[in-house]
Amino acid sequence: MPFSGSDFGGFQFEGFNSGAPSQAKPAKQKKPRRAVKSPFTRVMINLVVTLAVGFVYFYMNLPPINLQSPEFHTFALLLCIVYCGCAVLTSGFQGQGAKGYFHFLKKQCLIPVAVAVILLVIAVVGSLAGSVIFRAKSYAQLLTIEPGDFAAEVDEISYDQIPMLDRQSAERLGDRKLGELSDMVSQFEVADDYTQINYRGRPVRIATLLYGDIIKWFTNRSDGLPAYLVIDMVTQNVELVRLSEGIKYTTAEHFGRNLYRHLRFHYPTYLFDQPVMEVDEEGTPYWICPRLVKTIGLFGGTDVEGAVLVNAITGECEYLEEVPAWVDNFYSADLIIQQYDYYGMYHNGFLNSLFGQRDVTITTDDYNYIAMGDDVCAYTGITSAGGDQSNIGFILTNLRTKETKFYSCAGATEYSAMDSAMGELQHLRYTATFPLLLNVGGQPTYFMAMKDVSQLVKKYAMVNVQQYQVVATGDTVAECEQNYLAMLGQNGILDGNINLSGTETVEGTIADIRSAVLDGNSYYFIRLIGSDVYYSISAVEQPLAVILSNGDQVSITYHPGESGILNSVTLEKR
């Protein structure tokens with residue numbers, strides 16, 4: 001059988017058969033690119049395309065027109081690249097290799113190339129000028145820290161003023177409240193901001209609404225968002241504040257009413273921190289938009305200099321170097337923590353932060369807020385750079401004034417305290433919320449809510465910061481405080497009479513005494529002569545109640561209220 005290479009294995013090989021001469025196909029000639037003939041027209045086309053691309057990019061990404069912003073450098077370099085790319089197309093460039101492109105750029109794109117080079121030089125030099133290697137002392141001075149006396153400067157808080165909700169619990173309550181409102185639940189959702197403020201003397205979280213989807217935005221945008229939520233962190237009450245005129249400017253809006261775009265077009269050169277929603281004392285919602293400045297080199301040493309207040313209803317903007325007293329979140333907690341970490345790492349120099357690490361400290365892994373007067377303060381623990389499980393103290397920072405105090409108090413970290421509280425109730429498998437820092441009996445104390453697997457608060461816990469083996473729990477805050485103060489006395493931490501916050505004392509003769517078993521515990525209910533009120537006393541906490549009878553003289557410390565049965569804290573026989 002004759003062999004033919006042309007059908008070997010089904011493949012065809014040109015020029016490989018018996019006697020057929022090989023013929024190469026002629027190469028396809030590349031058509032030359034036509035140039036726009038008029039140089040002026042070429043330049044105008046390049047500029048128009050560059051400006052169009054620049055406008056779209058600016059509208060979508062909103063970079064500040066400021067040399068201190070890395071986003072601006074990216075934006076400017078993009079414009080230079082777009083112009084050069086257009087010049088290649090409009091000039092009919094046919095050059096070969098790097099040399100050909102170099103001559104082309106020199107001839108056609110000298111200005112954008114020069115601008116790009118200058119920007120790169122500025123960015124490199126500015127970055128080096130702000131490097132922590134050379135400017136460690138400047139970074140350490142961003143935050144001024146003063147020593148403080150915790151017991152003297154942080155007031156003891158009444159149990160009925162203690163915020164008992166963490167952010168997660170507030171979100172659940174907010175979603176549940178909106179779900180109860182048939183006229184809103186199908187159209188709106190709750191945003192995830194939940195800003196903590198002091199509002200009319202109460203610690204609350206403010207949450208705005210969102211449109212359910214783009215269709216619902218189209219149908220409701222003319223009226224705006226009709227309300228916002230106020231979650232009381234003490235009573236857990238959720239109030240829906242309806243507005244006569246809806247909120248039209250939010251971070252989730254579109255086009256010109258988007259808050260970021262609204263700010264950028266009014267203040268094109270400003271750098272902004274994350275806006276936060278607050279309300280003034282009249283309940284008018286405002287966006288607080290802190291203005292950021294770079295104080296070290298070109299990009300380093302971030303700090304706050306003034307803020308823009310945006311009326312969330314009308315969009316009216318006002319820049320203020322000093323914000324009014326009702327503003328609680330002028331400085332962000334994240335910025336304060338960053339500045340303290342600079343101080344803790346570099347106050348003894350950059351080399352010390354790497355070698356030796358004398359007096360090098362850092363903040364712990366998280367932070368929380370407490371109310372002090374009419375302001376909100378952020379606090380976080382301070383630990384050594386070695387990453388051990390103990391604190392050397394903690395800082396409190398007023399988020400409106402930036403006043404920062406360091407309180408020396410060696411003790412447990414926040415997460416160690418959480419572990420202690422969960423260990424006390426390990427048989428119930430409760431989880432602890434991130435703790436609040438309170439002054440209880442003159443002692444720095446971690447306070448936590450204890451949640452079950454359904455994220456419902458079941459108990460409360462207090463842990464002494466300095467001696468975190470002192471752990472007290474209770475079904476109510478009042479009971480938890482009572483047990484905690486008793487443990488402080490038993491461990492010799494407190495001397496003399498224990499001062500129970502938010503309590504009153506009554507003396508008298510027992511007119512009636514009754515008992516009941518509640519949740520497996522025995523309780524006694526005592527009424528004194530001349531009173532209609534019964535005082536509830538746990539037999540576990542106050543065994544004296546078991547042997548009392550009508551006619552006995554007693555002294556009862558209790559938490560006042562409006563109901564006919566009041567929770568008692570202490571019981572003494574006279």
Side-chain angles (χ1 to χ4, degrees), residues 147-159 161-164 166 363-372 377-384 388-396 405-426 428 430-451 457 459-503 540-541 569-570:
D149 183 339
F150 184 82
E153 297 174 357
V154 180
D155 294 334
E156 292 193 39
I157 187 171
S158 171
Y159 82 97
Q161 293 290 322
I162 297 175
M164 291 177 281
D166 62 353
T363 55
T364 49
D365 292 335
D366 215 332
Y367 57 85
N368 212 331
Y369 304 95
I370 60 174
M372 293 185 64
C377 294
Y379 81 87
T380 185
I382 304 300
T383 186
S384 64
D388 55 27
Q389 295 300 306
S390 61
N391 284 346
I392 63 172
F394 45 88
I395 59 171
L396 278 176
K405 294 289 187 72
F406 172 76
Y407 300 97
S408 179
C409 178
T413 65
E414 295 90 336
Y415 284 98
S416 295
M418 293 166 67
D419 290 339
S420 294
M422 290 186 289
E424 188 75 10
L425 301 171
Q426 59 182 332
L428 299 173
Y430 291 163
T431 57
T433 60
F434 191 80
L436 290 168
L437 183 65
L438 303 178
N439 180 354
V440 182
Q443 292 290 309
T445 302
Y446 290 128
F447 172 80
M448 291 154 278
M450 308 300 294
K451 297 182 178 181
V457 175
K459 284 182 176 291
Y460 302 94
M462 289 184 177
V463 179
N464 189 268
V465 172
Q466 295 174 294
Q467 300 186 33
Y468 61 96
Q469 74 277 10
V470 177
V471 183
T473 62
D475 294 331
T476 64
V477 178
E479 181 182 342
C480 180
E481 181 190 34
Q482 172 196 348
N483 296 339
Y484 176 70
L485 290 171
M487 291 190 70
L488 292 180
Q490 293 169 7
N491 285 270
I493 300 174
L494 290 183
D495 295 325
N497 294 326
I498 296 173
N499 180 27
L500 296 176
S501 61
T503 61
V540 174
E541 304 299 335
V569 179
T570 62

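The basis for the numbers below is simple: all heavy atoms, side chains too, and nothing from hydrogens, waters or symmetry mates. It should be emphasised that the depicted structure is a prediction, and the values quoted were computed from it without experimental measurement.
- A heavy-atom distance below 4.5 Å is found between the side chains of N464 and L488.
- Heavy atoms only, all atoms of each residue included: A151 and G442 are closest at CB-O, 3.7 Å.
- For M450 against A432, the heavy-atom pair with the smallest separation is SD-CB, 3.7 Å.
- Under the side chain to side chain donor-acceptor pair (under 3.5 Å) criterion, Y407 pairs with E153, sequence neighbours left out.
- Contact record, P444 with F394: CB-CZ, 4.1 Å, taken as the closest heavy-atom pair.
- In terms of heavy atoms, A417 sits closest to M448 at O-CE, 3.9 Å.
- Between N483 and G474, the shortest heavy-atom contact is ND2-CA, 4.4 Å.
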Item to check | CA sep, side-chain torsions, deciding dist, call: I395, K405, side chain to side chain contact (heavy atoms under 4.5 Å, CB included) | outcome: CA-CA 6 Å; I395 59 171; K405 294 289 187 72; over 6 Å; no
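- Here the options are D366, N391, D365, the test is side-chain contact (heavy atoms from CB on, under 4.5 Å), and the partner is E414; only N391 passes.
- In this structure, CG in L436 is found 5.0 Å from CG in N368, a value given to the nearest 0.5 Å.
- When every heavy atom of T473 is checked against every heavy atom of A461, the shortest pair comes out as CG2-CB, 4.0 Å.
- Taken to the nearest 0.5 Å, the CD atom of Q467 stands 10.5 Å off from the CE atom of M487.
- Annotation: F434 is in aromatic contact with Y415 [ring centroid separation under 6.0 Å].
- Atom CG of D149 is separated from atom OG of S408 by 11.0 Å, given to the nearest 0.5 angstrom.
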Next on the checklist: With side chain to side chain contact (heavy atoms under 4.5 Å, CB included) as the criterion, how do K459 and L425 come out once you've worked through the C-alpha distance, each side chain's angles and the decisive distance to 0.1 Å?
Outcome noted: CA-CA 9 Å; K459 284 182 176 291; L425 301 171; 3.9 Å; yes
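- Between Y379 atom OH and L396 atom CG the span is 9.0 Å, to the nearest 0.5 Å.
- In this structure, F406 has no ring pair (Phe, Tyr, Trp, His ring centres under 6.0 Å) partners at least two apart in sequence or on a different chain.
- With sequence neighbours excluded, the residues that form a ring pair (Phe, Tyr, Trp, His ring centres under 6.0 Å) with F447 are Y460.
- In this structure S416 satisfies the side chain to side chain donor-acceptor pair (under 3.5 Å) test together with T413, sequence neighbours excluded.
- Judged as a salt bridge (Lys or Arg N to Asp or Glu O under 4.0 Å), and not counting sequence neighbours, the contacts of D166 are K451.
- Between the CZ atom of F150 and the SG atom of C409 there is a distance of 8.0 Å, given to the nearest 0.5 Å.
- If you take CG on L438 and CE on M462, they are separated by 6.0 Å, rounding to the nearest 0.5 Å.
- For the side-chain contact (heavy atoms from CB on, under 4.5 Å) criterion with M422, the lone passing option out of T431, V471, L428 is T431.
- For T445, the side chain to side chain donor-acceptor pair (under 3.5 Å) test picks out Y484, with sequence neighbours left out.
- The shortest distance between side-chain heavy atoms of S420 and Q469 does not fall below 4.5 Å.
- Under 3.5 Å, the side chains of T380 and T363 contain no donor-acceptor pair of N or O atoms.
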